[in-house]
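Predicted model, so just to flag it, every value in this text is computed and none were measured.
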Amino acid sequence: MTHLSVEMLAADPVEPITSAGHAQLGIAVLAGIAVIVLLITKFKLHAFLALTVGSLALGAFAGAPLDKAITSFTDGLGSTVAGVGVLIALGAILGKLLADSGGADQIVDTILAKAGGRAMPWAMVLIASVIGLPLFFEVGIVLLIPVVLMVAKRGNYSLMRIGIPALAGLSVMHGLIPPHPGPLVAIDAVKANLGVTLALGVLVAIPTVIIAGPLFSKVAARWVDVPAPEKMIPQRPSEDLDKRPGFGATVATVLLPVVLMLAKALVDIVVDDPESTVQRVFDVIGSPLIALLAAVIVGMFTLGRAAGFAKDRLSSTVEKSLAPIAGVLMIVGAGGGFKQTLIDVGVGQMILDFSKDWSIPALLLAWLIAVAIRLATGSATVATISAAGLVAPLAADMSTSHTALLVLAIGAGSLFFSHVNDAGFWLVKEYFGLDVGQTIKTWSIMETIISVVAGGLVLLLSLII
């Protein structure tokens, strides 16, 4: 297991823009995060504005000149959006194609037709995990809720028995698996290998989603026994379509970017020769940009054209997919600005200095920091971005596999105990017709199980690889 050590200090530190002592920097970090938390929770300010103000407050509290704090923030915002903005946009386009063409409904209906009885919770996990790969968490919930409610109603199942596995599948994908924004930003911040992170993320995700989904749903169904709320069953997208894509083509399209990125990681390990033509080819087609772009282009035919979309309808679908992610992009960008401000005022080096004599594993420290920020802000994405900025220096001396595990530790911590300051908490509460106590006993506990199990598996893997 990678522990923090004196050797880690050998990495070249970023030249801080302040000469503040550790005590002042520590206070500045707490004050900056407190400003962000207060603005988001008390004043209901948009996370983008809260992160912007919090970054400038951090610089001011650390004694940095305002112009240099502004430069740090804008540099971080620019590099983050440049690094992951296009990927988020491509993921949104693929997700919109999947939803509007009826491809998601095709996956759902095909799997449900072959499942029943005790297999139904496992089918819901499978559906949510496959659909959740290219979709943002909130979009996945909106897409899956009609299915969850209809299955629970028609099959006379407990709502929690069906709903918890679906939510677990979506949440695990959101927290651990690129191309979701949080993992992508963390990979960029700590300079992890995307293919290796993806492979290890899938390895951690499978047992995590089984424990937090089908297994925990048995307990959740006993704790909270509620019927599916009739008023929340909306129309499904494919009900207005004359035809929709085939099951095989839809699944192949969704999995295409994952396969390409994993293939690149495998070739990098097996060939391990930068001059090799094979490795250079896979380095191109397995890069996140090309892999997602390929999936979008293929999806226009296998999803859009298969559903009977003309050129105008395809163009409209792409256009509509980009508008909702403007907020996500700005939050992610501002989070990158906050991360860069943390680094530039010398916080990363401060953590190394403080922790060189600790016996706490670096991965556990990353998990704990992400947990603290998640509990405070309610946002898994903000927690991931901020924690990645704080612990980025710890990756300097890590192997490729341990750097990937650092990303997963942050992602796992960012999912810990969703509560009243998390938009996802209220989304689940309203869609499932629960009260606050019931939502905590089901959704919040499920999120905590995901966080703890995934964090434990990451620590276990660090002993093995």
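- Remark: the backbone N or O of L375 is paired with a side-chain donor or acceptor of H419 at under 3.5 angstrom.
- Expressed to the nearest 0.5 Å, how far CZ of R280 lies from CG of D273 amounts to 10.0 Å.
- Judged purely by atom type and a 3.5 angstrom limit, T448 uses its side chain to pair as donor or acceptor with the backbone of F417.
- G299 and L97 get closest at one heavy-atom pair: C-CD1, 4.1 Å.
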Donor-acceptor pairs under 3.5 angstrom involving side-chain atoms of residues 182-203: please list them, not counting sequence neighbours.
| residue | atom | partner | partner atom | Å |
| --- | --- | --- | --- | --- |
| K191 | NZ | D188 | O | 3.1 |
| N193 | OD1 | G195 | N | 3.0 |
| N193 | OD1 | V196 | N | 2.9 |
| T197 | OG1 | N193 | O | 2.7 |

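- Counting only heavy atoms from C-beta outward, the side chains of L434 and W443 never approach each other to under 4.5 Å.
- Under the 4.5 Å side-chain criterion, counting only non-hydrogen atoms from C-beta, V318 is not in contact with K96.
- Taking both residues in full, the closest heavy atoms of S101 and A307 are given as O-CB, 3.5 Å, listed atom of the first, atom of the second, then distance.
- Summarising the geometry of W367 relative to G413, their closest heavy-atom pair is CD1-N, 3.3 Å, with the distance given to 0.1 Å.
- Counting only heavy atoms from C-beta outward, the side chains of L459 and L463 never approach each other to under 4.5 Å.
- Not a single donor-acceptor pair under 3.5 Å links the side chain of S171 to the backbone N or O of L167.
- The shortest non-hydrogen separation linking A28 to A62 is CB-N, 3.6 Å.
- Counting only distance, with no hydrogens or angles, the side chain of T317 and the backbone of R313 share a donor-acceptor pair below 3.5 Å.
- Between the R374 side chain and the A383 main chain, no donor and acceptor come within less than 3.5 Å of each other.
- In this structure, CG in L260 is found 11.0 Å from CG in L255, a value given to the nearest 0.5 Å.
- The closest donor-acceptor contact from the side chain of S315 to the backbone of D312 lies at 3.5 Å or more, if one exists at all.
- Scanning all heavy atoms of the two residues, the minimum distance from I465 to H402 falls at O-NE2, 3.0 Å.
- Residues M330 and F48 share a closest heavy-atom pair of O-CD1, 3.2 Å.
- Formation of a donor-acceptor pair under 3.5 Å by the S72 side chain with backbone atoms of K68 is found in this model.
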